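These numbers come from a predicted model, not from an experiment. Labels below follow one simple rule: chain letters A, B, ... track the order of the sequence lines, proteins then strands, and each chain is numbered from 1. These numbers come from the heavy atoms of this one structure, side chains and all, not from hydrogens, waters or symmetry mates.
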Number of protein chains: 2
Amino acid sequence: MNINEIAKLAGVSRATVSRYLNNGYVSEEKKERIRKIIEETGYQPSSSAQTLRSKKTNFIGVIIPKINSDSISRMVSGISSTLAGAGYQMLLACTHNHEKEELRFLNLFKENHVDGVILLGTIFTAEHRKVLKSLSVPIVILSQYLSGYSCVYSDDYRAAYDLTSYLAGTGTRIGYLGVTEKDEAVGKERLRGVREALQDNHQTLPDEYIRECMFDMESGAAQAKALLADVPDIDTVICATDTIAAGALQFLKSAGKRVPEDIQIAGIGDSSLSRVTEPSLTTVHLYYEEAGTEAARLLFDLIQNGEAAIQKEVKLDCKLIVQGSTRGGEQL
Amino acid sequence: MNINEIAKLAGVSRATVSRYLNNGYVSEEKKERIRKIIEETGYQPSSSAQTLRSKKTNFIGVIIPKINSDSISRMVSGISSTLAGAGYQMLLACTHNHEKEELRFLNLFKENHVDGVILLGTIFTAEHRKVLKSLSVPIVILSQYLSGYSCVYSDDYRAAYDLTSYLAGTGTRIGYLGVTEKDEAVGKERLRGVREALQDNHQTLPDEYIRECMFDMESGAAQAKALLADVPDIDTVICATDTIAAGALQFLKSAGKRVPEDIQIAGIGDSSLSRVTEPSLTTVHLYYEEAGTEAARLLFDLIQNGEAAIQKEVKLDCKLIVQGSTRGGEQL
DNA sequence: ATGAAAGCGCTAACAT
DNA sequence: ATGTTAGCGCTTTCAT
């Protein structure tokens, strides 16, 4: 069943059918005839033929490092509903933390396949910039800042700053479990937030109070152990993510520390984990789902307005959530 | 840059270029000429034109109820890597728990867009069967059994049976927090597993020992409360999912119950939550990621072998994981 | 082994 | 408001 047959059955030209499909000028009478035939036959236009002619795919490529993550799946959820609402389909490419795959997918989306790309990246190399520059479709960077591109990101600095400022009131020897500074957002910005908040509270963050973790609980537990060994009298541990905090919490409890009485602990991200640990984790809500929504909106803008579109940077609010893992917090 | 220009630059016909692209007969000499030109120009064939001609999209549609779920994101992760490895792209459609959307996406994928569909459904209505029947591309049902279709699912019955059998050894008054029986797998099968295991251990599951929950912690907490109010001397609570168990655990602790001493509690799914609660949850591992992988493999088979493909049902193994929330378990 | 030619199903410019 | 027409970029006979 194709447009020619529909045209024949409805007694019109195929151009008229096409106009009907693309809301052009069609008389009410023929509109009705066409509508009826399409309903009867269950005709659906071939999207590949449409794409071939019109260069519009209605696909948006979304590249993510992994899917099984609280923060990422929330962002994808926001993207997904916003795209669907605008008639787009989501082509989800998952790199499983392989940076090279990120480039492969970008190249795959290049010139082809998609009307736009949302890249939820973590680390940007020179190679990334090169491929990004060569991309002919609009792109939005999500969860990281990248100069020269429209991007949506959390206020990582302020999340860490606010959290640390709050804790500086109740802790005196404050340590930090962070991640690699190659990650500008979670790595660099959160560390900067912690550091500056301490400075502003007339405290410092000596190097031996800082440990670098991976993004998982095991690493959080291991680094908490290392930190405690080096600085036995530490009384507060701030973690770059809730997952790291959950791991650290697990270790500290197993080491016989009372949380928050002996050591208080906090994370960032307001993940579902933070409500389930005992004590529940003081953390910072980062509006991940809204970030996904906003990224999709920015992309629509770029797609619709082409060259005329204004590049935008959206930094989202954050909200401190005080729970049982810090002194003065309340257990769920 | 299109195939005609490449042909001209290489001094061959466009048919030869097409053959080069689709590994047909091309002399070594021309092969080399074409290869060089393609490399120089960075030419990439238009996928829409290829699709229009060859009817192959290299897209697989995946329909899921929500993305921010431990079990689902694991399955999607398995699907994603398997598809990518075979040169397919994943078109992810998320219904956000709107059953009607499921039908909308199936219709969208119908006749068009995709080479195959993986449906991670929950509830199958008559309307579902109708739309599924009308689908012209191969489909695999994931995480539910549906007669007449290739499907991949967990051994929900045995997971519940094994878990219950284990607990029947240490508990005497056993309650169950389940979900709607409209969900055949998580609803019906897990309940059946619990029931039959109790029978085989000469115990019963009276109606007042059963509560129906939604798939979230709040509901788990609320129903645990209701259950405890009705059956104050309950000593074991089995939950259909870890999330429900986490909610129930939270309530029971807040009600002053000691877990597992006063009441033992268990879930199913081996989610990351189960390792973080205190005590950590006894649960059953269900190989979600492998289920996703297997679903993709089954779909490949259907796509490649067309009418000749054999319909298959794959039921996956499960593994009991005993942790601190049950007597005899070990706290992480 | 290669080229010529037909056409996949659609949209958009043009003419009326 | 509608029809005619010319492709979009590719694959696939059919000749040679």
Rounded interatomic separation in angstrom, taking [atom1] from [X] and [atom2] from [N]:
{"X": "B:R53", "N": "D:dG9", "atom1": "CZ", "atom2": "C1'", "value": "11 Å"}
{"X": "A:R33", "N": "D:dA1", "atom1": "CZ", "atom2": "C1'", "value": "13 Å"}
{"X": "B:I3", "N": "D:dT12", "atom1": "CD1", "atom2": "C1'", "value": "12 Å"}
{"X": "B:N4", "N": "D:dC10", "atom1": "CG", "atom2": "P", "value": "8 Å"}
{"X": "A:K8", "N": "D:dG3", "atom1": "NZ", "atom2": "C1'", "value": "15 Å"}
{"X": "B:R14", "N": "D:dT12", "atom1": "CZ", "atom2": "C1'", "value": "11 Å"}
{"X": "A:N22", "N": "D:dT2", "atom1": "CG", "atom2": "C1'", "value": "15 Å"}

- Task: Find which nucleotide of DNA chain C each of B:E28 and A:R19 is nearest to by heavy atoms, and output the residue with the more 5' nucleotide.
- Result: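 That would be B:E28.
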- Message: Less than 4.0 angstrom from a charged side-chain N to a carboxylate O is my criterion; do B:R74 and B:D70 meet it?
- Response: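 A salt bridge links B:R74 with B:D70.
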- Query: Between B:K31 and B:E28, does at least one N-O distance fall below 4.0 Å, as a salt bridge requires?
  - Reply: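 A salt bridge links B:K31 with B:E28.
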Within the pair [X] and [N], is there a side-chain N or O less than 4.0 Å away from OP1 or OP2?
{"X": "B:Q50", "N": "D:dT11", "answer": "yes"}
{"X": "B:K55", "N": "D:dC10", "answer": "no"}
{"X": "B:S54", "N": "D:dC10", "answer": "no"}
{"X": "B:S18", "N": "D:dC10", "answer": "no"}

- Query: Minimum heavy-atom separation for A:S80 to A:M90, with atom names?
  - Reply: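 Taking A:S80 first and A:M90 second, the nearest heavy atoms are CB-CE, 4.0 Å.
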- Counting heavy atoms from C-beta on, name the nucleotide in D:dT5, D:dT4, D:dC8 closest to the side chain of A:A15.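 Comparing D:dT5, D:dT4, D:dC8 against the side chain of A:A15, the answer is D:dT4.
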- Between D:dA1, D:dT11, D:dG9, which nucleotide has the shortest distance from any of its atoms to the side chain of B:L21?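 So the nucleotide nearest the side chain must be D:dT11.
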- Message: Distance under 4.0 Å to a non-hydrogen atom of chain A counts as contact; along DNA chain C, which nucleotides mark the start and end?
- Response: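 Terminal contacting nucleotides, 5' to 3': C:dG9 to C:dA13.
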- Show your working on salt bridge (charged side-chain N to carboxylate O under 4.0 Å, His left out) between B:D156 and B:K188 and close with a plain yes or no. CA-CA 9 Å; B:D156 292 283; B:K188 218 172 215 163; over 6 Å; no
- Let me see the working for B:F59 and A:F59 under ring pair (Phe, Tyr, Trp, His ring centres under 6.0 Å), right down to the final yes or no. CA-CA 11 Å; B:F59 289 141; A:F59 289 142; 5.0 Å; yes
- Query: What nucleic acid atoms does A:V26 come within less than 4.0 Å of, heavy atoms only: base, sugar-phosphate, or nothing?
  - Reply: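 Sugar-phosphate only.
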- Across the strands shown, which category fits B:Y20 at heavy-atom distances under 4.0 angstrom: base, sugar-phosphate, nothing?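 Here B:Y20 touches no strand at all.
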- Item | Aromatic plane relationship, B:F300 with B:Y88 - under 30° parallel, 30 to 60° tilted, over 60° perpendicular |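 Rings of B:Y88 and B:F300: parallel, as their planes differ by under 30°.
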- Message: Is it the case that atom NZ in B:K36 sees more than 12 heavy atoms from other parts of the structure closer than 6.0 Å?
- Response: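 At most 12 heavy atoms, drawn from other residues, nucleotides or ligands, come within 6.0 Å of this atom.
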